[in-house]
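Down below is the structure, laid out as structure tokens.
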Protein chains: 2
Amino acid sequence: MERSIPEPTLRRLPGYYRYFRDLQSTGAQLVSCALVGRDLFLDPTLVRKDLESISAVGKRRVGFVLADLVSSIEKRLGYGGLNRAFLMGTGSLGTALLGYKKFREYGLEIVAAFDAAASRVGERLQDLEVQPLDRLPELAREWNPQIGIVTVPADHAQEAVDLLVANGIRAIWNFAPVRVQVPPGVIVQREDLYRSLATLLYKLVLTQQDVVDCPM
Amino acid sequence: MERSIPEPTLRRLPGYYRYFRDLQSTGAQLVSCALVGRDLFLDPTLVRKDLESISAVGKRRVGFVLADLVSSIEKRLGYGGLNRAFLMGTGSLGTALLGYKKFREYGLEIVAAFDAAASRVGERLQDLEVQPLDRLPELAREWNPQIGIVTVPADHAQEAVDLLVANGIRAIWNFAPVRVQVPPGVIVQREDLYRSLATLLYKLVLTQQDVVDCPM
DNA sequence: TAGATTGTTAATCGATTAACAATC
DNA sequence: TAGATTGTTAATCGATTAACAATC
């Protein structure tokens, strides 16, 4: 089996991907780690390590072939093949996600949207009709989605996840600010804006105190 | 100056914060690392290290005082004092963020929203009237915000950031999928959904291939 | 050939985990 | 006292960075 990719590298791959495709569109065919590093503000050695982890092979003295890099990342990241997803919760965040047209380019297609509120069911959002929860099993059989995107309120997240998992979903993208339980084999990725905010505020507080603040 | 907090710890703090406040609301006064670890699925030793990094001091044999932990995290994370923010871009994501009422609880208050599109200016979103970009300098003098939230399209992110920085903003919360340039001293935090998506898809691809896939 | 660039191996750094001492 | 829990120090693990060899 191929070596697994370290998380930090993984998080950098979409950046590389976008960058390589942009370069390609300018007509370039090759790229060197030094150039990538300069443009993306990364250590060139780190770039090389990252490319190595996706099994990219370069030509000494020349660089890496862009087309190879692009297809290599696509393969490793599951781009290319579209992954079908169900969206749970059509609040403002859910609606915003439906509007992310580029998700398709990055391998994600939202094929159905659900909401517990009867008042929202039937509404049309970006080509999709909001569905009631009780149609989920039927639609899951039809679409066989693998991903569930959860944007319901925190206190309903676990229910939503349970329903998804019971209907064959293999991966949860969880935007609710709670940790949810899933059976082994199901992947959960948390997207917690409060966590990010905390990081930001902390850094801000740090730079403001600096020198000024002195511990007891 | 107080020891700076490692990033991984930092990302866990909001989780602790929420957990401690929840516990408090049940009437509990004390908590042990072992309990936290069990509930939050973290190694108890890691919990202790994290608490140590926010200078929390426990009582041996007893545990940590919840009230102390809560106020300690608030102090370190800049909760408590509200930080004023300007929102750039009132697309679906920007609108969604305006709806996050709990941001206030976590120390963030969006005091003005801007949009480059004349058609959106004047619209009312969550108690705020969408402002044109040319009013930004004036409103910045009035509010003296420290944080700029950028939800404009990728190709306008740098302009938005430049405008914010020119008007005294100290920290950028960047939701556009590009790396932006700022002068030294200004903090940038990236929130890139494509990066998260990549991580999720990769993990999904991994579990699907497993055993099956074998390198050349 | 000379030099740029990849490839590889070693060193560093930092976070996590483990072990154990202190103490209420 | 005994035992639970914090506090502290050491070991481990993994990512990043540095150094240098290979080669087109």
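Keep in mind that the numbers below use all heavy atoms, side chains included, and drop hydrogens, waters and symmetry copies. To find a chain, count down the sequence lines: A is the first, B the second, and so on, and within it residues start at 1.
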Using atom [atom1] of [X] as one end and atom [atom2] of [N] as the other, report the distance to the nearest whole Å.
X       : N      : atom1 : atom2 : answer
A:Phe64 : C:dT5  : CZ    : C1'   : 9 Å
B:Asp43 : D:dT12 : CG    : C1'   : 13 Å
B:Leu51 : C:dA15 : CG    : C1'   : 16 Å
B:Leu30 : D:dA4  : CG    : P     : 17 Å
B:Leu35 : D:dA4  : CG    : P     : 15 Å
B:Glu52 : D:dT8  : CD    : P     : 7 Å
A:Leu42 : D:dA18 : CG    : P     : 14 Å
A:Arg61 : C:dG7  : CZ    : P     : 15 Å

Next on the checklist: If you only use heavy atoms from C-beta on, which nucleotide in D:dA15, C:dT6, D:dT9 is closest to the side chain of B:Lys49?
Outcome noted: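 Side chain of B:Lys49 sits closest to D:dT9.
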
Next on the checklist: Please report whether the ring centroid of A:Phe20 lies less than 6.0 Å from that of A:Phe64.
Outcome noted: no

Next on the checklist: Between B:Asp162 (side chain only) and B:Ala166 (backbone N and O only), is there a donor and an acceptor less than 3.5 Å apart?
Outcome noted: no

Checklist entry - Is A:Gln158 reaching over with its side chain to a backbone N or O of A:Gln181, donor-acceptor style, under 3.5 angstrom? => result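 Judged by distance alone, yes, a pair lies under 3.5 Å.
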
Checklist entry - If pairs are Watson-Crick or G-U with both distances under 3.5 Å, what is the dot-bracket string of DNA chain C, marking crossing pairs with [ ] and pairs to another strand with |? => result ..||||||||||||||||||||||

Item to check | DNA chain D: 5'-proximal contact among A:Val62 and A:Leu46 (nearest heavy atom) | outcome: A:Leu46

Next on the checklist: Using a 4.0 Å heavy-atom cut-off, does B:Thr45 contact any base of the nucleic acid, only the sugar-phosphate backbone, or nothing at all?
Outcome noted: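 Answer is base: heavy atoms of B:Thr45 come under 4.0 Å of a base.
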
Checklist entry - So what does A:Lys59 touch, heavy atoms closer than 4.0 Å: a base, only the sugar-phosphate, or nothing? => result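 Result for A:Lys59 = sugar-phosphate.
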
Item to check | pair B:Leu40-B:Tyr16: side-chain heavy atoms closer than 4.5 Å | outcome: yes

Checklist entry - Between atom CZ of A:Arg11 and atom CG of B:Asp192, what is the distance when rounded to the nearest 0.5 Å? => result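 One gets 11.5 Å once the value is rounded to the nearest 0.5 Å.
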
Next on the checklist: Working to the nearest 0.5 angstrom, can you tell me the gap between B:Leu51 CG and B:Arg12 CZ?
Outcome noted: 10.5 Å

Checklist entry - With respect to the phosphate group of C:dT6, does any side-chain polar atom (N or O) of A:Arg48 fall under 4.0 Å of OP1 or OP2? => result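 So the side chain of A:Arg48 is within the cut-off, an N or O lying under 4.0 Å from OP1 or OP2 of C:dT6.
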
Item to check | Donor-acceptor pair (no angle test) under 3.5 Å: A:Arg60 side chain, D:dT23 base | outcome: no

Item to check | A:Asp43: side chain to side chain donor-acceptor pair (under 3.5 Å) partners, not counting sequence neighbours | outcome: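 Here the qualifying residues are A:Thr45.
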
